[in-house]
There are 2 protein chains.
Amino acid sequence: MEDLERMPRPSPLGDRITVTLHYLVDRMDRYADQLLQERFGMSYSQFMFIAVLADLAPPPDITTLATCLGVSKAAVSKRVPSFVEAGWVATRADPANARRVLLEITPAAGRLLDEALPVLERSFTETFDDLDGVDLTRLHDDLKTVIRHLDSKEH
Amino acid sequence: MEDLERMPRPSPLGDRITVTLHYLVDRMDRYADQLLQERFGMSYSQFMFIAVLADLAPPPDITTLATCLGVSKAAVSKRVPSFVEAGWVATRADPANARRVLLEITPAAGRLLDEALPVLERSFTETFDDLDGVDLTRLHDDLKTVIRHLDSKEH
DNA sequence: GAAATTTGGTCAACCTGTTGACATTCAAGG
DNA sequence: CCTTGAATGTCAACAGGTTGACCAAATTTC
């Protein structure tokens, strides 16, 4: 962050909803990242990796986790060793298929999630509950409608 | 894209607005990227670099462009050579400051923008104009309200 | 059952971002 | 002047993403 001005920057491409969306997502990610870094010594991206993995049952293989994270299997394959080394993920062989690598979180990662999830949740609600003039539920529904609309257009 | 399932994936972290926002932004970016790749042989990221640069006057230095793009100056510094080589950007020295590197788009990049911007614009409006049940202007205003709210909380 | 295809993982090469350290230049202050 | 400090750009090392090529294992097809 060394040299980034993080306040609203002059929007050179006008007042477009796409620009606003990017800015908001960046903002939220940066916030979550900072919180996780300070309190738990991990990045948002690492947190998501473990949180998504933890929610998958039975233990997924690399391809399945990649799909759920929305990235390529090569991306997951490359990251696994560092997670194993950090003690957050354990790999296991699939007795039924010698090619597959099954992934599980470790108990340590489970404890970390049990701590971090409520912290994130609390900071999220604290941030949003006194937002007046905006109905968050409606906003969320609108966003989902837009997505459904895009899906229906087969982009 | 080789192996990514791009349809809605099981959302392992529940029905959160943050997840929805990420998904929507990804979706839009991927769409723009594909369009620009097919029609103009450039990525969305390259397009943004040039489009933002084109809107800045007078010709910005590397630090200014970095700020406007929302990335570090090292990131811009590294990318400049490839843009120069592609014939989209020209660098110039600042007579008043030997350290500064001033950046400008080339006429070729200008013509490319003149072509690409309306194409993007048209595909955007075509995609969104028959969206019923959602007031895009209100949606945009809501998003901006959320951002203002975050800004006011000094995150 | 052998051959062809699909599936799963890894690798190399690349793109794009970060931070921190560094050199250089410019602007001030003594 | 000359020294100090801020501004500017670059570099190295890293994190994380992509694609395309590739191998090996599993599955399908003939």
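Values in this document were obtained by computation on a predicted structure and should not be read as measured data. Naming: A, B, ... by sequence-line order, numbering from 1 per chain.
B/Arg100 contributes no side-chain N or O that forms a donor-acceptor pair with the base of D/dT8 under 3.5 Å. Interface remark: the B/Arg99 side chain does form a donor-acceptor pair with the D/dT8 base, using a distance-only criterion of under 3.5 Å. Side-chain to base pairing of A/Lys73 with C/dT7: no donor and acceptor N or O lie closer than 3.5 Å to each other.
Within the 3.5 Å criterion, the main-chain N or O of B/Leu112 finds no donor-acceptor partner in the side chain of B/Glu115. Of the possible donor and acceptor atoms, one in the side chain of B/Asp33 sits under 3.5 Å from a partner among the backbone N and O of B/Tyr44. A donor-acceptor contact shorter than 3.5 Å is absent between the side chain of B/Ser77 and the backbone of B/Lys73.
Position along DNA chain D of the nearest nucleotide to A/Ala96 versus A/Phe83 favours A/Phe83 as the more 5'-ward residue. Each of A/Ser82 and B/Ile62 was matched to the nucleotide of DNA chain D holding its nearest heavy atom; the match closer to the 5' end belongs to B/Ile62.
The aromatic rings of B/Trp88 and B/Phe83 sit tilted, their planes meeting at an angle between 30° and 60°.
Listed pair A/Asn97 / D/dA26 meets the phosphate criterion, a side-chain N or O lying under 4.0 Å from OP1 or OP2. One finds no side-chain N or O of B/Ser72 lying less than 4.0 angstrom from the OP1 or OP2 phosphate oxygen of C/dG17. OP1 and OP2 of C/dG9 both lie 4.0 Å or more from every side-chain N or O belonging to A/Ser77. The phosphate of D/dA15 has neither OP1 nor OP2 within less than 4.0 Å of any side-chain N or O from A/Ser43.
When rounded to the nearest whole Å, the span between CG of A/Leu69 and P of D/dG17 equals 8 Å. Atom CE in A/Met48 sits about 16 Å away from atom C1' in D/dG17, given to the nearest Å. The distance from atom NZ of B/Lys78 to atom C1' of D/dT10 is 11 Å, rounded to the nearest whole Å. As rounded to whole Å, 15 Å separates atom C1' of C/dT18 from atom CD of A/Gln34. The separation between A/Gln46 atom CD and C/dT18 atom P is 17 Å, rounded to whole Å. Per the geometry, CG belonging to A/Asp29 stands 14 Å off C1' belonging to C/dG17, to the nearest Å. Computed from coordinates, the A/Arg79 CZ to D/dT18 P distance equals 11 Å when rounded to whole Å. One atom, CG of B/Asp61, and another, P of C/dC26, lie 14 Å apart when rounded to the nearest Å.
With D/dT10, D/dG16, C/dC11 as the choices, the nucleotide that has an atom nearest any side-chain atom of B/Ala74 turns out to be D/dT10. Nearest to the side chain of B/Val71, among C/dT10, C/dA13, C/dG17, sits C/dG17.
Across all strands shown, B/Ala75 has heavy atoms under 4.0 Å from base atoms, whether or not it also approaches the sugar-phosphate. A/Ser45 comes within contact range of the sugar-phosphate backbone alone, with a heavy-atom separation under 4.0 Å but no base atom that close.
In this structure, A/Arg30 and A/Gln34 have side chains that are not in contact, with every pair of non-hydrogen atoms separated by 4.5 Å or more.
Between A/Asp61 and A/Arg99 there is no salt bridge, since none of the side-chain N atoms of the basic residue sits less than 4.0 Å from a carboxylate O of the acidic one.
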